[in-house]
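Comments concern the structure below.
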Amino acid sequence: MNIPTVTVLLDLVLIMVAARILGWLAEKIGQPPVIGEIAAGILAGPTIIGHHLSAALFPHDARSSLNLLANIGVATFMFVAGLELDRGIFAGARRSIPAISAAAYIVPFALGSGIAVTALARYQTGNRLHFALYIGCALAVTAFPVLARILHDRNLVHTEIGQLSLACAALVDIMAWAVLAVVLALAHPGGTQWRLILLIPLVGLLWWVLRPALGRISQIGTAQTMIVLGVGGALAVAAITEWIGLHLIFGAFAFGVIFPRERRQAVESGVRVLSAVLLPGFFVVAGLAVDLSSIDSTAIGELAVIIAVAVLGKIGSVYLAGRLTGMNVRPAAAVAALLNTRGLTELVILSVGLTTGLIGPQLYSLLVVMALVTTASTAPILRILGMGHGPAETTSPAHAQTTGSLLHNSNADDVAALTDSEPDSATR
């Protein structure tokens, strides 16, 4: 009997059950299920049940397999998220997307770098510049996978606000990984960060070569063929972006963006099953690495500063950029709340900082708490704004061209109509 295989299978069952129960409890208190799924990982980690019991339930030799399966789950989920992104949003909101994306990254990055050399100076582990730049990266990120999941769970993914948020979050996280690569190159010269230059030819290959080829294949391929092509292509491009150093979520998402829209419904129905089984593992495996036991009483004030700077820097900058580009009050506030979501992309970046020595365990724990607080704050803000209570609207590429007229209409209440149509039966 292969004991690691048995352990991995039992752990998968445990993860699915725990994620489902805590996700349900999170919904009961008005939070998206993803909060409960992240909490499941933290509860299974050393913070609550201790190092020994956590290691017994999830032994080290099983975690690499669980992590692999979790990454497959998030890759398939991000493929579906890319598949649902209407490309017309980039034409319909050509003013808002660049401005909001730039503001959502630059302002929190600058503020984070500022508090790194002031309020958080005692946590500096090495070069002051590298430490400051890294903290700026950590506070500027938006959790692209978690944002996509929240949009699904609140039936906002097909609305224009959801589409705009996805487009901005994609650009913000691309900037986040690119800047992090530069910071790592400065802190650890001689690495593989040069591979990022391959991103430009990769984008060209996907858009001008692979996209037309997929369009031709979709005209003759069966539904089963397109599902296999979708999953296989998403994993292949995810592997390329992971090798480049940008993270696998972007490759999977990009493949979804270029995938033929006329076969979307058939492909989604097949891929969602795989994603629903494996995606909770992504959240739980990430939570297993969190250890909050190192937080002491003197860190509470520093945590308050971190959270305040993270929230004000992200929400304030996005809201102001939205208003300056002509968005109404409620849509601008909703997009600001959505881009304040940090979650798992934050955890990945924090893990990189911890393993490379840019931060220590205590500051890592404080930043994890900040990530959870900012993610958990998204749902209450959307509820106050009256966003996402109804089912999602399905937008066509032609309809997406009208983004400007709806998001920038002088009557802010018109945006409420974005959440009042047919439900998306697959949002969970």
Spacing of CE belonging to Met16 relative to CG belonging to Leu278, to within rounding of 0.5 Å: 8.5 Å
Closest approach of Ala116 to Ala132 (non-hydrogen atoms, all atoms of both residues): CB-CA, 3.6 Å
Side-chain donor/acceptor of Lys314 to backbone N/O of Ala104, under 3.5 Å: yes
Distance, nearest 0.5 Å, that separates CD of Glu346 from SG of Cys137: 10.0 Å
Any donor-acceptor pair under 3.5 Å from Ser165 side chain to Val335 backbone: no
Residues which pass ring-ring contact (aromatic ring centres under 6.0 Å, His included) with Tyr134, listed by chain and number, not counting sequence neighbours: none
Ile97 side chain near Leu164 side chain, heavy-atom distance below 4.5 Å: yes
Value rounded to 0.5 Å, distance of CD1 in Ile15 from CG in Leu279: 11.5 Å
Distance-minimising heavy-atom pair for Gly112 and Leu139: CA-CD2, 3.8 Å
Reported CD-to-CD1 distance for the pair Glu242 and Ile240, which is rounded to 0.5 angstrom: 12.0 Å
Shortest non-hydrogen contact between Phe77 and Ala148, atoms and distance: CE2-CB, 3.7 Å
Ala75 to Leu235 - nearest heavy-atom pair and separation: CB-CD2, 3.8 Å
Heavy-atom closest contact (Val329 atom, Arg323 atom, distance): N-NH1, 3.5 Å
NE2 on His152 to CD1 on Ile150, rounded to 0.5 Å: 12.0 Å
Backbone N/O of Thr76 and side chain of Ser275: donor-acceptor pair under 3.5 Å: no
Arg63 backbone acceptor or donor facing Asn67 side chain under 3.5 Å: no
Sequence-distant partners of Tyr364, ring-ring contact (aromatic ring centres under 6.0 Å, His included), two or more places apart: none
Salt bridge (Lys or Arg N to Asp or Glu O under 4.0 Å) partners for Glu302, two or more places apart: Arg122
Side chain to side chain, Val368 and Leu350, heavy atoms closer than 4.5 Å: yes
Ring centroid separation Tyr123 to Phe131 under 6.0 Å: no
Donor-acceptor contact present, side-chain Asn328 to main-chain Arg330, <3.5 Å: no
Whether Glu37 side chain and Arg20 backbone form a donor-acceptor pair below 3.5 Å: no
Worked verdict on Thr125 versus Leu363 for side-chain contact (heavy atoms from CB on, under 4.5 Å): CA-CA 10 Å; Thr125 57; Leu363 181 56; over 6 Å; no
Donor-acceptor contact present, side-chain Gln31 to main-chain Ala26, <3.5 Å: no
Flag side-chain contact, heavy atom, 4.5 Å: Arg261 against Leu83: yes
Side chain to side chain, Leu12 and Val277, heavy atoms closer than 4.5 Å: no
Backbone N/O of Leu338 and side chain of Thr341: donor-acceptor pair under 3.5 Å: yes
Sub-4.5 Å side-chain heavy-atom contact between Asn127 and Leu186: no
Backbone N/O of Gly251 and side chain of Thr241: donor-acceptor pair under 3.5 Å: yes
Verdict with supporting geometry, Leu199 and Phe250, side-chain contact (heavy atoms from CB on, under 4.5 Å): CA-CA 11 Å; Leu199 178 62; Phe250 296 104; over 6 Å; no
4.5 Å side-chain heavy-atom contact, Ile135 and Leu367: yes
Sub-4.5 Å side-chain heavy-atom contact between Val373 and Leu303: no
Chi angles and distances behind the side-chain contact (heavy atoms from CB on, under 4.5 Å) call for Leu184, Leu358: CA-CA 9 Å; Leu184 292 176; Leu358 287 169; 3.8 Å; yes
Parallel, tilted or perpendicular: rings of Tyr105 and Phe109 (30°, 60°): parallel
Where Ala321 and Ala99 come nearest, the two heavy atoms and their spacing: CB-O, 3.9 Å
Donor-acceptor under 3.5 Å (Ser218 side chain, Gly215 main chain): yes
Test item: Trp177 and Ile244 side chains (from C-beta on) under 4.5 Å apart, heavy atoms: no
CA sep, side-chain torsions, deciding dist, call: Ile42, Leu372, side-chain contact (heavy atoms from CB on, under 4.5 Å): CA-CA 11 Å; Ile42 295 177; Leu372 292 176; 3.3 Å; yes
Distance, nearest 0.5 Å, that separates CG of Leu171 from CD1 of Ile100: 11.0 Å
